[in-house]
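Start at 1 and go down the list; that is how both ligands and their atoms are numbered.
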Amino acid sequence: MKLSLTELVERKRHGERLVMVTAYDHPGARLADAAGVDLILVGDSAADNVLGYDSTVPVTVDELLVLVRAVTKGTERAIVVADLPFGSFQVSDEATLAHAVRFVKEGGADAVKLEGAGPSLSRVQALVGAGIPVMGHVGLTPQSATMLGGYKAQGRTAAKAQKLLTDARALEAAGCFAVVLEAVPSAVAERVTEALTVPTIGIGAGPSCDGQVLVWHDLLGLSDRKPARFVKRYADIGGEIKRALETYAEEVRAGVFPGEEHTYTIPEEELDLFTKATEEHEHAQHGDG
Ligand code: KIV
């Protein structure tokens, strides 16, 4: 049974924390769903984690759409949120709606996420007005990292913390069903969380948020980048994969793989017929008289 958006607010009211993780493919979505994760974000972080780009900026709607479709096909219970990539919501409300509709209609997403407040507020209203649930995202918004002075914590002065709170409130008022707080001091995230009725989902925003999100590759040890301060690695899947591939390579080179148990047989009499047929063919070709 799909989790409902109203249930998320209920969970906040009862102090039950929400779990969100990014996923970018069908097997990942199935595992996250089976593990009881509440929300799966097909983040634009696919850009650097999956597609090899240097930042999240270059990834396109078409590229993310393929991943969103794979994730929704692998998910039954979790709410699937598609990230609106850079360029897909900056131009106008109409263009934003057209892109979000693709994620919902072609990708099967339950909701979309967009970064920032300010001009993003009218986008949120347009999307919610069209019946598309929206998750907000404030604090460190990687798509505008250059404007923010790099990938660093936000809201660390009273004025900036106040702005963050105002933005989060405005996103809630515009209709967001949840707001991501990224790289924000814990004390500021706590105030924002208290001020909102809808859940906050933190990443680098401390334990008081209503939920937490981590990026798949960071959580599972699949990334070779230096992890951010707020990342906790729960497994070394990258190491496991490398060890498995090395063993496979060794076994192929040593002739150990494939073993008899990995091969098919042919009935003896069919093999004899095959041998005869090839011999006759050989004789005919070389004309041995
Ligand atoms: O794209 C992403 O992975 C995100 C999370 C960091 C929230 O936006």
Side-chain angles (χ1 to χ4, degrees), residues 8 17-25 28-29 32 37-61 63-68 70-71 78-90 99-100 103 107 109 111-117 120 124 133-145 148 150-155 164 167-168 171 176-184 189 192-193 198-206 209-220 222-223 225 227-233:
L8 300 184
R17 292 209 165 83
L18 299 165
V19 182
M20 178 157 107
V21 70
T22 68
Y24 313 103
D25 60 18
V37 162
D38 303 308
L39 297 121
I40 298 178
L41 171 67
V42 187
D44 61 353
S45 50
D48 38 337
N49 286 301
V50 178
L51 301 174
Y53 293 126
D54 290 334
S55 78
T56 57
V57 171
V59 71
T60 65
V61 168
E63 285 169 324
L64 280 187
L65 195 53
V66 176
L67 311 184
V68 170
V71 167
I79 295 168
V80 178
V81 182
D83 221 356
L84 291 179
F86 180 72
S88 70
F89 66 93
Q90 278 79 3
H99 291 128
F103 281 121
V112 297
K113 174 171 88 58
L114 50 70
E115 292 188 3
S120 294
V124 175
V134 186
M135 176 177 275
H137 183 162
V138 289
L140 172 56
T141 44
Q143 292 175 13
S144 42
L148 297 174
Y151 293 88
K152 55 185 193 192
Q154 302 295 309
L164 212 121
D167 285 348
L171 284 167
C176 283
F177 71 91
V179 179
V180 169
L181 304 178
E182 179 165 354
V184 170
V192 176
T193 301
V198 297
T200 58
I201 312 284
I203 175 160
C209 296
D210 299 304
Q212 297 292 327
V213 56
L214 278 178
V215 167
W216 184 266
H217 290 63
D218 293 339
L219 186 158
L220 295 171
L222 279 164
S223 167
R225 281 185 318 240
R229 175 189 169 85
F230 53 73
V231 167
K232 180 165 177 186
R233 182 175 277 192

Check your understanding: Quick one: do Arg225 and Asp48 make a salt bridge, cutoff under 4.0 Å?
Key -> yes
Exercise for review: Would you please name every residue forming a ring pair (Phe, Tyr, Trp, His ring centres under 6.0 Å) with His99, sequence neighbours left out?
Suggested key: none
Exercise for review: Using a 4.5 Å cut-off on heavy atoms from C-beta on, say whether the side chain of Asp83 contacts that of Phe103.
Suggested key: no
Review point. Is it true that the side chains of Tyr53 and Glu63 contain a donor and an acceptor less than 3.5 Å apart?
Key: yes
Check your understanding: Got Leu51 and Val59 here, is their nearest side-chain heavy-atom distance under 4.5 Å?
Key -> yes
N or O contacts of ligand 1 with protein under 3.5 Å, please list pair by pair.
from: ligand 1; atom 1: 1 (O); to: Asp44; atom 2: N; distance (Å): 3.2
from: ligand 1; atom 1: 1 (O); to: Asp44; atom 2: OD1; distance (Å): 2.9
from: ligand 1; atom 1: 1 (O); to: Ser45; atom 2: N; distance (Å): 3.1
from: ligand 1; atom 1: 1 (O); to: Ser45; atom 2: OG; distance (Å): 3.2
from: ligand 1; atom 1: 1 (O); to: Asp83; atom 2: OD2; distance (Å): 3.1
from: ligand 1; atom 1: 3 (O); to: Ser45; atom 2: OG; distance (Å): 2.5
from: ligand 1; atom 1: 8 (O); to: Lys113; atom 2: NZ; distance (Å): 3.0

Exercise for review: For Asp38 and Ala78, indicate whether the former's side chain and the latter's backbone hold a donor-acceptor pair under 3.5 Å.
Suggested key: no
